[in-house]
Visitor: 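Take a look at this one; I'll ask things after.
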Amino acid sequence: MIKADKIWIDGKLVAFDDAKVHVLTHALHYGVGVFEGIRAYKTADGRSAVFRLKEHVQRLYDSAHIVLMEIPVPPERLEQACVEVLKANKLDAGYLRPLAFFGAGAMGVGAGATNPVQVMVAAWPWGAYLSEEGLKKGIRAKVSSFTRMHVNVNMVRAKVSGQYVNSFLATREAAMAGYEEAILLDTEGYVAEGSGENIFIVKNGVLQTPPLSAPVLAGITRDSVLRIAKDLGVPVKEEKFTRDSMYLADELFMTGTAAEVTPVREVDNRRIGKGEPGPITKRIQDTYFKAVRGEEPRYREWLTPY
Ligand SMILES: *Cc1c(COP(=O)(O)O)cnc(C)c1O
């Protein structure tokens with residue numbers, strides 16, 4: 001089980017065991033909570049920094065706006081809370097999980113909108129999400145039998161708790177079938193994304209990822225990778241692609257705050273390229289890890305040192 005010393009909830013740092021909610025918490029029943037996943041890394045100067053904190057906190061408030069939720073503290077306060085939680089837990093690196101949700105009160109689905117909005121930030125040490133070995137050698141993924149929901153079903157710009165039932169079903173199915181991650185197609189059958197990662201293919205030197213008009217989250221890692229690719233002189237295309245174009249790709253990788261830049265070596269039992277992380281994937285992954293550790297001056301603006 002995840003364990004930490006302190007959790008920030010509704011404006012206060014409390015002991016880990018005291019960060020509790022009522023069983024009639026509206027979000028527990030209907031899933032109307034919005035959350036973020038943020039990482040902090042040790043940096044080359046011997047300190048630590050949160051990666052793209054402002055953008056993550058902004059997306060949390062955007063997610064709240066989409067579900068008509070008013071977060072009772074300003075974004076600046078939440079940014080500060082993220083750093084406070086890292087310090088209170090003496091974490092020089094780790095994963096941050098802010099969550100805002102409708103608390104207890106009314107129980108009607110829509111009536112919950114009048115309930116108090118609770119906000120919390122937790123942090124804990126978290127290694128490679130899809131394994132250390134996966135980061136180095138690539139993972140095996142499977143196209144899911146579950147579909148990424150239509151853009152008028154899931155609010156794709158938002159990280160809303162309830163929407164992750166879809167991701168849960170897809171990852172469980174993939175794991176039970178012996179794969180490390182699921183790849184979801186959209187309602188038209190084009191490749192959308194992983195259960196919690198954006199997806200990229202490389203073909204003939206060109207990097208391609210589905211556009212933001214597809215049912216994909218506007219990943220901050222996706223955005224970082226697009227910028228890095230441009231800076232490395234890798235041509236980029238934001239266009240949808242088919243399932244079989246993954247089979248024929250030279251390289252394939254997934255991106256997310258948790259998954260970082262994880263190469264995929266096999267999809268649906270078809271080897272991708274040479275069955276190992278390709279040269280463009282490796283260059284992008286390497287630059288990404290340098291960026292988060294403050295080893296690339298041009299990406300320093302992405303870091304909030306603490
Ligand atoms: C969080 C998430 C991602 C990755 O977003 P980042 O901002 O890179 O962490 C991608 N897809 C889904 C469905 C997600 O929930």
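When a ligand or atom number is given, it counts from 1 through the structure's own listing order. We number each residue from 1, following the sequence as shown.
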Visitor: Should E84 and R77 count as an ion pair when the cut-off is N to O under 4.0 Å?
Guide: yes

Visitor: Run the side chain to side chain contact (heavy atoms under 4.5 Å, CB included) test on Y129 and M254 for me, step by step, so that the C-alpha distance in whole Å, both residues' side-chain angles and the decisive distance to 0.1 Å come before the verdict.
Guide: CA-CA 12 Å; Y129 179 69; M254 291 176 138; over 6 Å; no

Visitor: Contacts table for ligand 1: protein N or O within a distance under 3.5 Å of ligand N or O, distances only.
Guide:
unit_1   : atom_1 : unit_2 : atom_2 : d
ligand 1 : 7 (O)  : R59    : NH1    : 2.8
ligand 1 : 7 (O)  : R59    : NH2    : 3.0
ligand 1 : 7 (O)  : I220   : N      : 2.7
ligand 1 : 8 (O)  : I220   : N      : 3.3
ligand 1 : 8 (O)  : T221   : N      : 2.9
ligand 1 : 8 (O)  : T221   : OG1    : 2.6
ligand 1 : 9 (O)  : T257   : N      : 2.9
ligand 1 : 9 (O)  : T257   : OG1    : 2.6
ligand 1 : 11 (N) : E193   : OE1    : 2.7
ligand 1 : 15 (O) : K159   : NZ     : 2.8
ligand 1 : 15 (O) : Y164   : OH     : 2.4

Visitor: Taking the six-membered ring for Trp and the single ring otherwise, decide whether the centroids of Y299 and F51 are under 6.0 Å apart.
Guide: no

Visitor: Report the residues that fulfil side chain to side chain donor-acceptor pair (under 3.5 Å) with Y179, sequence neighbours left out, ordered by chain and then residue number.
Guide: N269

Visitor: Please enumerate all residues that pass side chain to side chain donor-acceptor pair (under 3.5 Å) together with S167, with sequence neighbours excluded.
Guide: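 Per chain and number, S167 pairs via side chain to side chain donor-acceptor pair (under 3.5 Å) with R148.
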
Visitor: Run the side chain to side chain contact (heavy atoms under 4.5 Å, CB included) test against T304 and tell me which residues pass, sequence neighbours left out.
Guide: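 Partners of T304 by the side chain to side chain contact (heavy atoms under 4.5 Å, CB included) criterion, ordered by chain and then number, come out as V50, L53.
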
